[in-house]
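Here the structure is laid out as structure tokens; the discussion comes afterwards.
Computation of the quantities below employed the complete heavy-atom set of this structure, encompassing side-chain atoms and omitting hydrogens, waters and symmetry-equivalent molecules. Counting convention: from 1, in listed order, for ligands and their atoms alike.
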Amino acid sequence: MEIYLDTANPDHLQFASKFPFLNGITTNPSIIAKEKDSFKNVIKRINQHIQGKVWMQVTETTAEAMYQEAIELKNWVDHPVIKLPMNEDGLEAAYRLRQENIEVNMTLIYSLSQVVLAAKADVNYISPYIGRMDDQSLDGQTFIKHSKEIIQSFGASTKIIGASIRNTQVVADLARYGYDAITIPFPIFKKMFQSPLTTEGLAVFQSDWEKYTTSLK
Ligand SMILES: O=P(O)(O)OC[C@H]1O[C@](O)(CO)[C@@H](O)[C@@H]1O
């Protein structure tokens, strides 16, 4: 499973850079807006810290303008993925970009009919918002299961990237069921390292080791 961090915060990037096995960084307009710098500077800073893919969302609203914006964005980083909203203009622009071998992601996916269109266009990635679906009792994990079936029935290469992740259990579930990719908010990523049992167990090992080394003096 490809694993991305969903952040543009410099401290988070610094931390993420210690784990180069991660696949890259995803952003969206809300994440960029938290940083007090231009879109381009924020993205270039991410690209300096991260070896993997950098995901950037277009903010234009017509297919032509989205396409032109994407052509500009892709030059900012080494391994770009262009995120486009799953609507008529977004899919039109995405398909055009895809013909030019630019990786594209349809974001804000909430219905299986949207998955049908994205799979038919064979876009690189789709982002179902699992957490926001669960918030509405729409069962995000069942949704991605059915999305996978649709993609397979088309024989498409489209990958599902689980988005809007609210807890570590969803991360484990997606990995366990063999999903393609996930993007994880930084606080959830930090929690993935932690277990009170690990902390307690380590404290006992350290204390026993101290007693042992002291006894040898
Ligand atoms: O529901 P949330 O936590 O705001 O998450 C929004 C999601 O939107 C995305 O843009 C989808 O790719 C991710 O950045 C994030 O996973």
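Side-chain polar atoms of Gln68 and Glu64 form a donor-acceptor pair below 3.5 angstrom. No side-chain donor-acceptor contact under 3.5 Å links Asp89 and Thr62.
In terms of polar-atom proximity, defined here as any N/O pair under 3.5 Å, Arg166 does make such a contact with ligand 1.
Not a single heavy atom of Gly131 sits under 4.0 Å from any atom of ligand 1.
Here is the list of ligand 1 atoms found below 4.0 Å of a heavy atom in Ser127: 12 (O). Close contacts of ligand 1 with Lys83, meaning ligand atoms under 4.0 Å from a residue heavy atom, involve 9 (C), 10 (O), 11 (C), 12 (O), 14 (O). Those atoms of ligand 1 with a heavy atom of Thr183 less than 4.0 angstrom away are 16 (O). Close contacts of ligand 1 with Asn28, meaning ligand atoms under 4.0 Å from a residue heavy atom, involve 8 (O), 9 (C), 10 (O), 13 (C), 14 (O). Atoms of ligand 1 found under 4.0 Å from any heavy atom of Thr107, numbered from 1 in the order shown, are 11 (C), 12 (O).
Under 4.0 Å from ligand 1, not a single heavy atom of Trp55 appears. Residue contacts with ligand 1 for Ser164 involve both N, CA, C or O and side-chain atoms from C-beta outward (heavy atoms, distance under 4.0 Å).
One finds the CD atom of Gln169 at 10.5 Å from the CG atom of Leu174 (value rounded to the nearest 0.5 Å). We find the CG-OG1 distance between Leu216 and Thr213 to be 7.0 Å, quoted to the nearest 0.5 Å.
Lys53 forms no cation-pi arrangement with Tyr125, by the criterion of a distance under 6.0 Å to the ring centre and an angle within 45° of the ring axis.
For Glu2 and Lys159, the salt-bridge test passes: some basic side-chain N is under 4.0 Å from an acidic carboxylate O.
At a threshold of 4.5 Å between non-hydrogen side-chain atoms, the residues Asp173 and Gln141 count as touching.
The local environment of CD in Glu100 is crowded, with over 12 non-hydrogen atoms from other residues, nucleotides or ligands closer than 6.0 Å.
In terms of protein heavy-atom proximity, atom 11 (C) of ligand 1 is nearest to Tyr129 OH, 3.3 Å. Closest to atom 15 (C) of ligand 1, if we only count protein heavy atoms, is Asp6 OD2, 2.9 Å. Nearest non-hydrogen protein atom to atom 4 (O) of ligand 1 is Arg132 NH2, 2.8 Å.
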